[in-house]
J.: 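Dropping the structure in here first, questions after.
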There are 2 protein chains.
Amino acid sequence: MTDSQRPRGRPRAFDRDEALKTAMLLFWRHGYDGVPVAQLATAMGIAPASLYVAFGSKEALYREAVRFYLSLGRLGIERLQESASAKEGVHAMLRSAAKAFTQPDLPPGCMVGVGALRCAGENRVIEEATAELRRLSAKAVHLRIERARREGELGKDVSPQALTDFFSAVVEGMSVLACDGACRERLLHMADTAMAAWPVVD
Amino acid sequence: MTDSQRPRGRPRAFDRDEALKTAMLLFWRHGYDGVPVAQLATAMGIAPASLYVAFGSKEALYREAVRFYLSLGRLGIERLQESASAKEGVHAMLRSAAKAFTQPDLPPGCMVGVGALRCAGENRVIEEATAELRRLSAKAVHLRIERARREGELGKDVSPQALTDFFSAVVEGMSVLACDGACRERLLHMADTAMAAWPVVD
DNA sequence: TCATTTTTTGAGTGATCCGAAAACAATTCT
DNA sequence: AGAATTGTTTTCGGATCACTCAAAAAATGA
């Protein structure tokens with residue numbers, strides 16, 4: 001009863017998490033429309049049919065891959081709520097993003113930001129699901145900034161919405177710059193520059 | 001000699017510029033990989049073969065479409081050099097972008113920013129060509145900011161590169177926010193917020 | 001009228017798209 | 001040992017991919 005019994009049928013011959021990581025990298029680099037299932041299967045070292053048994057469909061695989069990406073937590077969004085001040089938290093988030101978007105052995109930019117921005121008409125649902133993840137990240141920033149306003153870190157005249165939109169845009173923009181070849185130092189310098197827009201208390 | 005003689009063969013039955021505009025809208029909305037040639041031809045009201053005669057290939061059509069998009073000049077980049085101050089010029093550029101990215105009857109965001117960020121491996125050249133256009137826009141901002149530093153509008157301690165990267169990121173980020181459904185007023189408010197990062201003179 | 005030039009379309013190229021069916025293989029349970 | 005379950009592969013479908021060819025159509029020049 002204590003130990004889980006082994007699964008019934010033939011055991012899977014490949015590492016499911018490793019395969020998921022492979023899919024994540026391909027979607028990250030080439031976008032949803034830019035990766036055919038055959039390419040995914042080949043990179044995973046399995047036949048397309050095995051991919052369907054293990055993950056269901058290309059769409060389901062993408063959704064799982066992007067959740068896997070977010071679970072890595074390299075964007076520093078979850079640490080936002082623990083930060084002593086919103087300003088410090090946002091600054092740390094920008095610097096984390098700058099580093100995450102320029103990891104040497106990973107695709108540049110943010111998988112959520114660039115992987116499925118625009119899709120073919122029949123994949124509209126993928127576009128929308130990915131946009132929802134971006135809105136979710138923005139929501140976390142929004143919550144921290146609103147709290148800062150309640151606690152007096154920010155003046156009552158500042159708009160949490162505008163400030164949230166601004167820093168969300170900076171992160172997404174960093175992602176694009178990274179895709180265009182900007183190095184880590186440039187992005188870090190740019191992040192510091194962006195923080196100058198933080199409102200001063202009256 | 002003054003009037004050009006009529007072309008020799010059978011006249012084209014469709015308006016080439018109108019067809020180009022149609023292609024621009026589709027690439028803008030769905031990205032390069034997200035629009036098949038058949039869809040382009042159908043939207044243009046012609047057969048695929050006519051498309052190839054008129055434009056050469058899907059890649060050539062895209063390149064022409066994106067040049068057409070830039071020729072509309074709704075991003076306010078060319079007015080940057082004429083502006084009295086770099087600060088005013090950049091601010092006007094951000095506000096122009098906010099409006100351009102939220103035109104009611106056009107796709108959201110920037111065609112250059114979101115239309116071909118990530119492509120299939122065989123379309124790498126499309127990615128690179130589009131990235132080059134983004135770098136070209138950034139170069140215009142860079143030039144104006146460097147001039148401002150020479151003329152004393154900016155202190156010698158500010159980094160033109162970092163400031164350029166920052167405002168480029170804001171524009172690209174606005175483009176993503178627009179794709180996610182942000183309205184014009186939010187983007188305009190965000191643009192004003194971003195200008196707070198403009199360095200103060202010592 | 002007739003050759004020349006260019007655009008038109010329908011049909012079709014091989015390749016690739018996502019996904020499914022079927023047969024076989026490897027494991028557990030009875 | 002044999003049934004049940006699940007993963008494996010090969011193969012295949014029907015659709016779609018970017019693109020091309022051949023022949024007809026519509027204009028000009030002689």
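In this text the structure is predicted, and so the values were computed from the model without any measurement. The sequence lines fix the lettering, A, B, ..., with proteins before strands; numbering per chain opens at 1.
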J.: Within a radius of less than 6.0 Å around CZ of B/Arg124, do more than 12 heavy atoms belonging to other residues, nucleotides or ligands occur?
T.: no

J.: Can you check whether B/Cys119's main-chain N or O pairs, donor with acceptor, with A/His30's side chain at less than 3.5 Å?
T.: yes

J.: Sequence neighbours excluded, which residues qualify as salt bridge (charged side-chain N to carboxylate O under 4.0 Å, His left out) partners of A/Arg149?
T.: none

J.: Any donor-acceptor pair under 3.5 Å linking the side-chain atoms of B/Arg144 with those of B/Thr164?
T.: no

J.: Would you say the side chains of A/Tyr62 and A/Thr130 form a donor-acceptor pair under 3.5 Å?
T.: yes

J.: Nearest heavy atom decides the nucleotide; on that basis, is B/Ala38 or B/Arg8 closer to the 5' end of DNA chain D?
T.: B/Ala38

J.: Under a 4.0 Å heavy-atom cut-off, which of residues 39-62 of chain A touch DNA chain C?
T.: A/Ala49, A/Tyr52, A/Lys58

J.: Could you pull out all residues at least two apart from B/Tyr52 that satisfy ring-ring contact (aromatic ring centres under 6.0 Å, His included)?
T.: none

J.: ring-ring contact (aromatic ring centres under 6.0 Å, His included) for A/Phe166 and A/Trp198? Distances and angles first, verdict last.
T.: CA-CA 10 Å; A/Phe166 167 67; A/Trp198 192 271; 9.4 Å; no

J.: Counting only non-hydrogen atoms, which of residues 10-32 of chain A are less than 4.0 Å from DNA chain D?
T.: A/Arg10, A/Pro11, A/Arg12, A/Ala13, A/Phe14

J.: I'd like to check the ring-ring contact (aromatic ring centres under 6.0 Å, His included) partners of A/Phe101; sequence neighbours left out, ordered by chain and number.
T.: none

J.: Measure from NZ or CZ of B/Arg29 to the centre of the six-membered ring of B/Phe27 and say whether it is under 6.0 Å with the direction within 45° of the ring axis.
T.: no

J.: Under a plain distance cut-off of 3.5 Å, with no hydrogens placed, do B/Arg134 and B/Ser168 share a side-chain donor-acceptor pair?
T.: no

J.: Does anything in residues 122-131 of chain B come within less than 4.0 Å of DNA chain D? Heavy atoms only, and list the residues if so.
T.: none

